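Computed from a prediction, not measured in an experiment: that's the story for all the values here. We use all heavy atoms of the structure for the numbers below, so side chains are in, but hydrogens, waters and symmetry mates are not. Every number for a ligand or one of its atoms is a count from 1 in the order of the listing.
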Amino acid sequence: MKKYVLITGASAGLGKAMAIELARQGHNLILVSLPNENLAELAQQIRISCNVKVAFYETDLCTRPNIEALVTWLRASKFEIFYLINNAGIGGSQAFELADTERIERIIQLNIVGTALLTRLVLPFLLKFSQSYILNVSSMAAFTPIPYKTVYPASKAFIYSFSLGLRAELSALGVQVSVVHPGPMPHSPENQARLQKHGRLGRMLTVPLQVIAQIALEQVQRGQSVIIPGWTNKFGYWVSRWVPWSWRRPLMVSMLRKELSPSV
Ligand SMILES: NC(=O)C1=CN([C@@H]2O[C@H](COP(=O)(O)OP(=O)(O)OC[C@H]3O[C@@H](n4cnc5c(N)ncnc54)[C@H](OP(=O)(O)O)[C@@H]3O)[C@@H](O)[C@H]2O)C=CC1
Ligand SMILES: N[C@@H](C=O)C(=O)O
């Protein structure tokens with residue numbers, strides 16, 4: 001039987017890094033992301049370099065019909081899926097009063113609704129195995145409110161709570177649920193520009209993409225529930241638990257205002 005790992009948001013960033021790492025370990029993959037982002041080329045590169053099976057499906061996971069169509073395709077193709085990685089997610093920094101309502105809706109649809117619905121619909125595939133895995137990608141943003149990001153951290157707090165609840169519910173059925181909380185990942189020009197504005201702090205919080213992918217996948221294999229890559233992010237988690245929000249709030253406001261200020 002050919003077992004597959006299904007990864008959403010696999011065309012770029014962390015999703016792509018995890019796809020490559022899993023293929024190196026010999027896993028067959030199903031890659032999902034938005035149309036027209038060279039997913040076919042990536043699939044072919046991975047097939048050739050890692051000698052594994054790679055299928056791909058291009059869709060916008062912001063709508064329920066698209067998610068249902070994806071799952072219909074998975075069933076029709078008779079894939080045996082033992083590992084689901086819910087990685088696709090969007091965010092960004094902007095004053096809430098200027099935010100486009102469509103953008104707000106897409107963040108919630110993709111990060112929250114899409115993750116919950118896809119997980120529910122893929123679960124029957126996972127339950128066919130005596131041991132299977134779900135890895136949800138949250139963010140360090142899950143642990144604190146963030147002004148000028150507002151909806152994004154709230155969506156990632158959902159992923160954190162959803163993952164822990166689901167883990168408690170599904171462990172008896174042989175499905176292990178983990179959640180990873182990356183800090184900032186400067187792999188796109190937009191993210192690099194934002195991080196540069198935080199100078200040394202931004203650099204300290206940054207863990208290379210491949211390292212995050214390796215840590216996340218390794219910790220899943222060890223049965224870890226909450227995965228926080230990098231000691232600076234672990235310290236950030238500790239701060240979010242023990243330093244009152246009233247103390248952290250002015251710092252957050254100033255950091256995020258700096259991030260939004262025009263580049264010099
Ligand atoms: N970037 C960062 O600093 C951090 C990111 N995260 C989280 O990590 C995850 C990966 O982030 P990152 O690697 O930066 O992401 P990228 O923006 O680099 O890539 C996002 C991936 O998701 C796909 N995607 C975006 N929108 C949709 C959609 N509507 N339907 C289907 N696929 C979609 C993209 O597809 P396509 O290429 O086709 O557009 C792409 O493959 C996300 O959940 C993010 O919230 C957490 C902490 C920090
Ligand atoms: N992708 C998110 C990273 O934290 C963001 O847009 O802020």
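Ligand 1 has A10 within reach: a non-hydrogen atom of the residue lies less than 4.0 Å from it. The closest approach between a heavy atom of H187 and any atom of ligand 1 is below 4.0 Å. Judged by the shortest distance from any of its heavy atoms, P184 lies inside the 4.0 Å radius around the atoms of ligand 1. The shell of residues lying under 4.0 angstrom from ligand 1, judged by heavy atoms, excludes E58.
Checking K16, M185, R194, Q109 against atom 4 (C) of ligand 1, the nearest heavy atom belongs to M185. When the options G13, G15, G89 are ranked by their closest heavy atom to atom 20 (C) of ligand 1, first place goes to G89.
Contact annotation for R106 and ligand 1: only side-chain heavy atoms (C-beta onward) come within less than 4.0 Å of the ligand. At a heavy-atom cutoff of 4.0 Å, ligand 1 is contacted by both the backbone and the side chain of L34. When non-hydrogen atoms are compared, ligand 1 lies under 4.0 Å from the side chain of K156 (C-beta onward) but not from its backbone. If you look at S138 next to ligand 1, the close heavy atoms, those under 4.0 Å, all belong to the backbone. When non-hydrogen atoms are compared, ligand 1 lies under 4.0 Å from the side chain of N191 (C-beta onward) but not from its backbone.
The shortest N or O to N or O distance between P35 and ligand 1 is not below 3.5 Å. Inclusion of G9 in the set of residues having an N or O under 3.5 Å from an N or O of ligand 1 is warranted.
Proximity to Y152 (heavy-atom distance under 4.0 Å) selects the following atoms of ligand 1: 5 (C), 6 (N), 7 (C), 44 (C), 45 (O), 46 (C), 47 (C). Atom numbering of ligand 1 starts at 1 in the shown order; those under 4.0 Å from a heavy atom of D60 are 28 (C), 29 (N), 30 (N).
For residues 28-57, the ring pair (Phe, Tyr, Trp, His ring centres under 6.0 Å) pairs, not counting sequence neighbours, are Y57-W73.
Using a 30° and 60° split on the angle between ring planes, Y160 and H181 fall in the perpendicular class, above 60°.
For R24, the salt bridge (charged side-chain N to carboxylate O under 4.0 Å, His left out) test picks out E21, with sequence neighbours left out.
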